[in-house]
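Structure first, commentary second.
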Amino acid sequence: MKLLSVCAVALLAAQAAGASIKHRINGFTLTEHPDQAKRDLLQKHVTWDDKSLFVNGERIMIFSGEVHPFRLPVQSLWIDVFQKIKALGFNCVSFYTNWALLEGKPGEYRADGVFALEPFFDAAKEAGIYLLARPGPYINAEVSGGGFPGWLQRVNSTLRTSGKTYLESTDNYIAHIAATIAKAQITNGGPVILYQPENEYTGACCGYDDFPDGGYMQYVMDQARKAGIVVPMISNDASPKGTNVPGSGEGAVDIYGHDSYPLGFDCANPTVWPDGSLPTNFRDLHLQQSPSTPYSLIEFQAGAYDPWGGPGFDACAGLVNHEFERVFYKNDFSFGVAILNLYMTFGGTNWGNLGHPGGYTSYDYGSPLTETRNITREKYSELKLIGNFAKVSPSYLLATPGNLTTSAYTNNAELAVTPLVGHGSGSYFVVRHSDYTSQASTDYKLRLPTSAGNLTVPQLGGTLSLNGRDSKIHVVDYNVSGTNVLYSTAEVFTWKKFADKKVLVLYGGPDEHHELAISSKSNVSVIEGSESGISSKQIKNTVVVGWDVSSTRRIIQVDDLQVLLLDRNSAYNYWVPQLPAEGTSPGYSTQKNTASSIIVNAGYLVRTAYVDGQDLHLTADFNATTTVEVIGAPSSVKNFYINEKQIQHSVDKNGIWSGKVEYTAPKIELPSLKDLDWKYLDTLPEIQSSYDDSAWTAADLKKTDNTLRPLDTPTSLYSSDYGFHAGYLIYRGHFTATGNESSLFIHTQGGSAFGSSVWLNETYVGSWAGIDKDMDSNSTYKLPKLQGGKPYVFTVVVDNMGLDEDWTVGSDEMKDPRGILGYKLSGRDSSAITWKLTGNLGGEDYQDKTRGPLNEGGLFSERQGFHQPQPPSDDWESSSPFDGLTKPGIGFYSAKFDLDIPTGWDVPLFFNFANSTSPPPAYRVQLYVNGYQYGKYVNNVGPQQSFPVPEGILNYRGTNWLAVTLWALESDGAKLDGLELANTTPVLTALKDLEASEQPKYEKREGAY
């Protein structure tokens, strides 16, 4: 996504006005494919008209969740995320890839180990999930440089333009990544059905006059086509004048889409919904811009980013919560959205310095799936109701959206209704408050056009109600496998056709009254639950049923249709796993609604279902003792298994199976981190008078290739000019004193919330402790009396928080340098100081190919590799970070501990820092777990204090190596107030065969200094 991307909505009205768009029905492409044979092959798999995509010949809505594989570097956990998204009723996942992680050195592309994509594709296929691939080259995504590798700071072109050196720099990356994606396309039996060739190519600034550049877009698309991409290309935001919109000529994609983050990112005020933020004109804009393609929202808000010093992601989850989903997502339905991707559905972690400076280690994002893959947020359950409804409502895609009205369909002007009118198929009426921010409870009646005439509903008396921030989709002439539901004011969760019956699941909110009409002359029978509060009446050729919502399930029957009447909270516990044909993978089956499925009431999570002979199998997770019910068990099955264990079950008069899963939480024994055998090493030996920096990189470039910022120093001190792009940077400035120097002015830059410290020989001079918003700092430090003719060294440490990102073409903000921007030693010319610098050992020739080019910084301990398992620490001093440092400096602490978490349990583990002193002292911590940097903690800025680390990085049954770097930025030093390893509720899980990511242990590094 892009920061401030809400501004892009305002650009839409000006885009493509008057553009000539050629209408196509099941047409294919305006961009070239490598050959006709591949294009013909694709026609069998992915086509479209102005309503929706057809995948393998089936018209489907693409309901998708954004997931970034690089933010969860444990490949065997990807299936867990996919299955949880599939359980939402979704059929697709959109994913970015991160160029900066894959080509850390120009010309050297590496996508193996935790960075390999093939396991991601395999997991998607196993789960039955399609993929939208978004490899960039630019992705934004709140990652360092927006996904651009740091060496692009040296490219003498404006980025994301037709500048020759920039285009050439992208060739190697796209050739490799697109070829990998091409092998996973649907034409090759893989899950990839769409490809986005650029990201948010929306606006320009800063005197860049050649925007929009159709030639640039065409170049990027041609790169992908040459690498074998044949699936349709889709955009997310057109540029002004409609460039890249279908039909606009050079640079046009196949399908146009855009992004929207309507509620913004003010997580500090999660209950505030600003006036005017609910989109109302997207349908009209779509018809202006791209009426021949399905209406597509490639990124729609599902959470919010949180900056350093922010309120935390729980507040973001509160801002973009279940109420937001009800109002905003159903509003999207009112536009006829056919491709809807939610950013983020699972956020993950900015491990190993991969994040940009506007955010911290967590990328939880307030998503439906938490950073620990937990699904206990109500927004996950609410989204499941919406996703499953979309999956069983294909007629929605054929309905024509109408204009929003406060009078045509309801008797209450406080409500707004948007119709989607079917033509021989179902109609849908989206109801919300006219003031979408309203928290009022509003009674209303509906005036509905139906196949039985215009009706005022409820017909049996009473009123409907919309309570607070809510929205409803009322269905009319809704087809349930041949049974016509004339209307339902209760919302549809799902329906299924079984061998001997049909089952429709409806739900309503607490204290609501609802009504259902079925085209039938049969009587209504209450076959489960109390008849209290249920009324029915035959009206002409329909049977009408009214009821008050109850927390106790009732089931009614009309002909062969059974209708489950649920309250919303009960509906949260229902799942609709598909049943693949025997002998096929439990997770992979067709997306068709006609595919065999069952309906399961089972609490926390149902992953998959399959039949093996006479055995019905579920794979499911549990966080409490749970009664599991199965509706629609095939008549051929007799036995019931959950997670391969047979469950004793009963069958009631309505054919519903019922069994029980016992949950007894295991005792999780975790070590006390304070009691570990900690070993200590001074990791800032550079300030010692005996230190030899002869092996360091000389900062001797008299000019910079960085086109964004000219030099203010005799030689460049920009870290990326020398190949250092991530983590802590260290500078050593040598000079011979005259004896008259009294102060040092220094201008350092590291991005938002960065810090820096300065020493003169072994004497501490001062620090910039950092605040959340400042990305650079001008500081003047008083120096002690210097001795003339004596050599001195300034040692400067700068925390690089990641490289900037900006989706606006021409800004080139990722080139904003890191390090020292300027300095002045009083009474001396700047050339009196000669500088050396270091970052990670080797720079772009990074040492740890397993953990990638960004995982390490420039500290002595990192350069040596001591943060990896089994460092040579036997002879180090015994000291703990809880005792810490008594003066400014940086200490390195290493310890090991064992875990023995029982198998069969998914147990989220967290490293929790304490911050009990006010005001909080200024210190910075890096947390390494088995060599992976999994936490960047800034005590005086925050907000993050809890750092989850997944199984696979942590060895749940074995030895783990923990390393902590402690940087004290104040004169009296620093120590950890507290650090503990903690867990949340264990989940009894179907996950198995979890493989740990590679964890190379320490080996002496050649050339380490």
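On a predicted model such as this, the values are computed, not experimentally measured, just so you know.
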- Can you tell if the side chain of I139 reaches within under 4.5 Å of the side chain of W99, non-hydrogen atoms only? no

- Report the residues that fulfil ring-ring contact (aromatic ring centres under 6.0 Å, His included) with Y680, sequence neighbours left out, ordered by chain and then residue number. Y893

- Message: Do L969 and W768 make a side-chain contact, defined as non-hydrogen atoms from C-beta onward lying under 4.5 Å apart?
- Response: no

- Query: Should the pair R818-D804 be classified as a salt bridge under the 4.0 Å nitrogen-to-oxygen rule?
  - Reply: yes

- Query: With no hydrogens and no angle check, is any side-chain donor or acceptor of T370 less than 3.5 Å from a backbone partner on T372?
  - Reply: yes

- Residue list, side chain to side chain contact (heavy atoms under 4.5 Å, CB included) with V941, at least two apart or on another chain: W308, A753, D772, V938

- Please collect all salt bridge (charged side-chain N to carboxylate O under 4.0 Å, His left out) contacts where either partner lies in residues 931-953, sequence neighbours excluded, each pair once. D799-K936, E951-R957

- Validation row: L369, V81 side chains within 4.5 angstrom (heavy atoms): yes

- Partners meeting side-chain hydrogen bond (donor to acceptor under 3.5 Å, both in side chains) with T376 (sequence neighbours left out): N374

- Query: Do F265 and Y261 have their ring centres less than 6.0 Å from each other?
  - Reply: yes

- Compute the ring centroids of Y937 and Y360, then answer whether they are less than 6.0 Å apart. no

- Selection residues 958-968 - residue pairs positive for salt bridge (charged side-chain N to carboxylate O under 4.0 Å, His left out), sequence neighbours left out: none

- Under 3.5 Å: donor-acceptor pair, side chain of N840, backbone of G843: yes

- Please indicate whether K896 has more than 12 foreign heavy atoms, meaning atoms of other residues, nucleotides or ligands, lying under 6.0 Å from its NZ. no

- Task: Using the test side-chain hydrogen bond (donor to acceptor under 3.5 Å, both in side chains), find all partners of K105 that sit at least two apart in sequence or belong to another chain.
- Result: D845

- Counterpart residues, ring-ring contact (aromatic ring centres under 6.0 Å, His included), relative to Y138 (two or more places apart): F148

- Test item: S367 and F313 side chains (from C-beta on) under 4.5 Å apart, heavy atoms: no

- Note on the structure: Looking only at heavy atoms, the pair that brings N321 and K379 closest together is C-CB, 4.1 Å

- State whether the number of non-hydrogen atoms from other residues, nucleotides or ligands found under 6.0 Å of K849 atom NZ is greater than 12. yes

- Query: Does the side chain of L77 reach to within under 4.5 Å of the side chain of P950, using non-hydrogen atoms?
  - Reply: yes

- Where the side chain of N761 meets the backbone of V793, is there a donor-acceptor pair that is under 3.5 Å apart? yes

- Are Y722 and W835 close enough that their ring centres sit under 6.0 Å apart? no

- Does the ring centre of Y365 sit less than 6.0 Å away from the ring centre of Y363? yes

- Listed by chain and number, what are the side-chain hydrogen bond (donor to acceptor under 3.5 Å, both in side chains) partners of S894, not counting sequence neighbours? none

- Message: Could you work out, with side-chain hydrogen bond (donor to acceptor under 3.5 Å, both in side chains) as the rule, every residue matching Y923, not counting sequence neighbours?
- Response: N939

- Task: Would you check, one step at a time, whether the test side chain to side chain donor-acceptor pair (under 3.5 Å) holds for E805 with N140?
- Result: CA-CA 6 Å; E805 61 173 28; N140 215 72; 3.1 Å; yes

- Message: Suppose we call two aromatic rings close when their centres sit under 6.0 Å apart. Are H356 and Y305 close by that rule?
- Response: no

Show me the donor-acceptor pairs within less than 3.5 Å that the side chains of residues 864-892 make with the rest of the protein, sequence neighbours left out.
| from | atom 1 | to | atom 2 | distance (Å) |
| --- | --- | --- | --- | --- |
| Q864 | NE2 | Y1009 | O | 3.1 |
| H867 | NE2 | E856 | OE2 | 3.2 |
| Q868 | NE2 | D848 | OD2 | 3.2 |
| W876 | NE1 | P872 | O | 3.1 |
| S878 | OG | K679 | NZ | 3.4 |
| S880 | OG | F882 | N | 3.0 |

Can you give the donor-acceptor pairs under 3.5 Å from side chains of residues 958-968 to other protein atoms, not counting sequence neighbours?
| from | atom 1 | to | atom 2 | distance (Å) |
| --- | --- | --- | --- | --- |
| T959 | OG1 | D898 | OD1 | 2.6 |
| N960 | OD1 | N930 | ND2 | 3.0 |
| N960 | OD1 | N955 | N | 2.6 |
| N960 | ND2 | N955 | O | 2.9 |
| N960 | ND2 | G958 | O | 3.4 |
| T965 | OG1 | Q926 | N | 3.2 |
| T965 | OG1 | Q926 | NE2 | 3.2 |
| W967 | NE1 | S757 | OG | 3.1 |

- Message: Is the distance between the ring centroids of F947 and F910 under 6.0 Å?
- Response: no

- Are side-chain heavy atoms of Q75 and E995 found at a separation under 4.5 Å? no

- Here the salt bridge (charged side-chain N to carboxylate O under 4.0 Å, His left out) pairs for residues 756-771, sequence neighbours left out, are none

